[in-house]
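Every chain is numbered from 1, with letters handed out A, B, ... down the list of sequences. Everything numeric in this text was worked out from a predicted model, so none of it was measured.
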Protein chains: 2
Amino acid sequence: MRDPQPTDSADDALDSLEPDVFARNCTSRPVLQNVASRWGILALAALLEGPYRFNALRRRVDGVSERMLSQTLQTLERDGLVHREAHHTIPPHVEYTLTPLGTRVAEKIRDLIHILEGNMDTVRAAQAAYHRE
Amino acid sequence: MRDPQPTDSADDALDSLEPDVFARNCTSRPVLQNVASRWGILALAALLEGPYRFNALRRRVDGVSERMLSQTLQTLERDGLVHREAHHTIPPHVEYTLTPLGTRVAEKIRDLIHILEGNMDTVRAAQAAYHRE
């Protein structure tokens, strides 16, 4: 229902500019989906443990390919969640850390992971019950 | 490095039974990925607002197809995060709610979404800087 009053219409227009992941075309939705992606979510959680070089992070995020981890880190860097620092040492190396925003996001991911890891008995019981039905 | 002492080996074996999403074959990893899936994450966040019937949930999770929402809800139900209740009314209807575990998970997702939605200026600035480089 639309309100014909000009002031309320202006409010509606402002409201529609608020980021809302539930809105199909909101720019916040792809950011959420990069964060929650198969490897993004694990890379963020790992980086909460501290800075990682690429190969060490690849070992930590067990199963990720070099190409997928590289793509994932580029996306997280572009969205301002991960900082990439090239050190001009011999040999040169690149270190990845979380930005302040990345840290806040990763803390929620870590909490979510801990809840799931700590309740796998409940999950497994639900799965068994579901398949018995 | 493996410790040859029997007691320590027993400890190692117990440790390896702890759920760990970083381990490639841990059963907790697919559960995390169902939770963090494209539509799973939005369905869980929506259900934190209260119970939803299928069609209302489909409208809330803007852009999801009937088939994808149905598959997503089945997966979340199987993992014990969503409860599906068929009401034998005329016409019959089905209502979805979060389980206690689903609620705990969805709260973390809501927090994560609020952080992203509230910091889209930072994200957009990072995106603009990345593309200028």
Side-chain angles (χ1 to χ4, degrees), chain A residues 18-29 31-33 35-38 40-42 45-46 59-64 74-75 77-83 99-101 104-127 129-131 133, chain B residues 18-29 31-33 35-38 40-42 45-46 59-64 74-75 77-83 99-101 104-127 129-131 133:
Chain A
E18 287 291 314
D20 175 14
V21 294
F22 286 107
R24 187 192 307 222
N25 296 319
C26 183
T27 52
S28 63
R29 191 185 276 193
V31 178
L32 174 65
Q33 288 173 345
V35 160
S37 69
R38 183 175 174 81
I41 201 164
L42 292 174
R59 284 190 296 274
R60 180 70 178 123
V61 181
D62 185 24
V64 70
Q74 273 177 41
T75 303
E77 186 192 354
R78 192 203 54 196
D79 290 347
L81 302 168
V82 161
H83 176 69
T99 63
L101 179 57
R104 290 181 62 197
V105 166
E107 282 167 352
K108 296 303 171 187
I109 291 172
R110 177 202 52 200
D111 293 351
L112 195 159
I113 286 173
H114 284 172
I115 292 171
L116 289 179
E117 286 177 345
N119 288 277
M120 282 303 296
D121 288 351
T122 304
V123 171
R124 281 192 212 100
Q127 289 172 343
Y130 187 88
H131 291 298
E133 269 173 22
Chain B
E18 287 292 314
D20 175 14
V21 293
F22 286 107
R24 187 190 309 224
N25 297 320
C26 183
T27 51
S28 63
R29 191 186 274 193
V31 178
L32 173 65
Q33 288 173 345
V35 160
S37 70
R38 181 175 176 79
I41 201 165
L42 292 174
R59 283 190 295 274
R60 180 70 179 123
V61 181
D62 185 24
V64 70
Q74 272 177 43
T75 304
E77 186 192 354
R78 190 203 54 195
D79 289 347
L81 302 169
V82 162
H83 177 68
T99 63
L101 179 58
R104 290 181 61 198
V105 166
E107 284 167 351
K108 296 302 172 187
I109 291 172
R110 178 200 53 200
D111 293 350
L112 195 158
I113 286 173
H114 284 171
I115 292 171
L116 289 179
E117 287 178 343
N119 288 277
M120 281 305 293
D121 288 350
T122 304
V123 171
R124 280 192 212 99
Q127 289 172 343
Y130 187 86
H131 291 297
E133 271 172 20

Sequence neighbours excluded - salt bridge (Lys or Arg N to Asp or Glu O under 4.0 Å) pairs with any residue from residues 20-29 of chain A: Arg24(A)-Asp62(B)
Chain A contact via Thr99(B) - which portion, at a heavy-atom distance below 4.5 Å: neither
From Ile115(B) atom CD1 to Leu32(A) atom CG, the distance as rounded to the nearest 0.5 Å: 11.5 Å
Contacting region of Val35(B) [heavy-atom separation from chain A under 4.5 Å]: side chain
Chain B contacts, top residue of Leu42(A), Asn119(A), Asp111(A) (heavy-atom pairs, under 4.5 Å): Leu42(A)
Heavy-atom pair count under 4.5 Å with chain A, highest-scoring of Glu77(B), Lys108(B), Glu107(B), His131(B): Lys108(B)
Nearest-0.5 Å distance, CD of residue Gln33(B) to CG of residue Leu116(A): 11.0 Å
Residue, of Thr122(B), Val61(B), Thr27(B), that accumulates the most heavy atom pairs under 4.5 Å with chain A: Thr27(B)
Residue selection (most heavy-atom pairs with chain A, distance under 4.5 Å) from Leu101(B), Val64(B), Leu81(B), Asn25(B): Leu101(B)
Contact class of Ala46(B) relative to chain A, heavy atoms under 4.5 angstrom: both
Side-chain donor/acceptor of Glu117(B) to backbone N/O of Val21(A), under 3.5 Å: yes
Which atoms of Gln74(B) approach chain A - backbone, side chain, both or neither, heavy atom under 4.5 Å: both
Distance-minimising heavy-atom pair for Ala45(A) and Phe22(B): CB-CZ, 3.7 Å
Heavy-atom proximity to chain A below 4.5 Å, by part of Gln127(B): both
Sequence-distant partners of Ala126(B), side chain to side chain contact (heavy atoms under 4.5 Å, CB included), two or more places apart: none
Ile41(A), part contacting chain B, at a heavy-atom distance under 4.5 Å: side chain
Heavy-atom pairs under 4.5 Å with chain B, option from Asp79(A), Ile109(A), Val105(A) with the top count: Asp79(A)
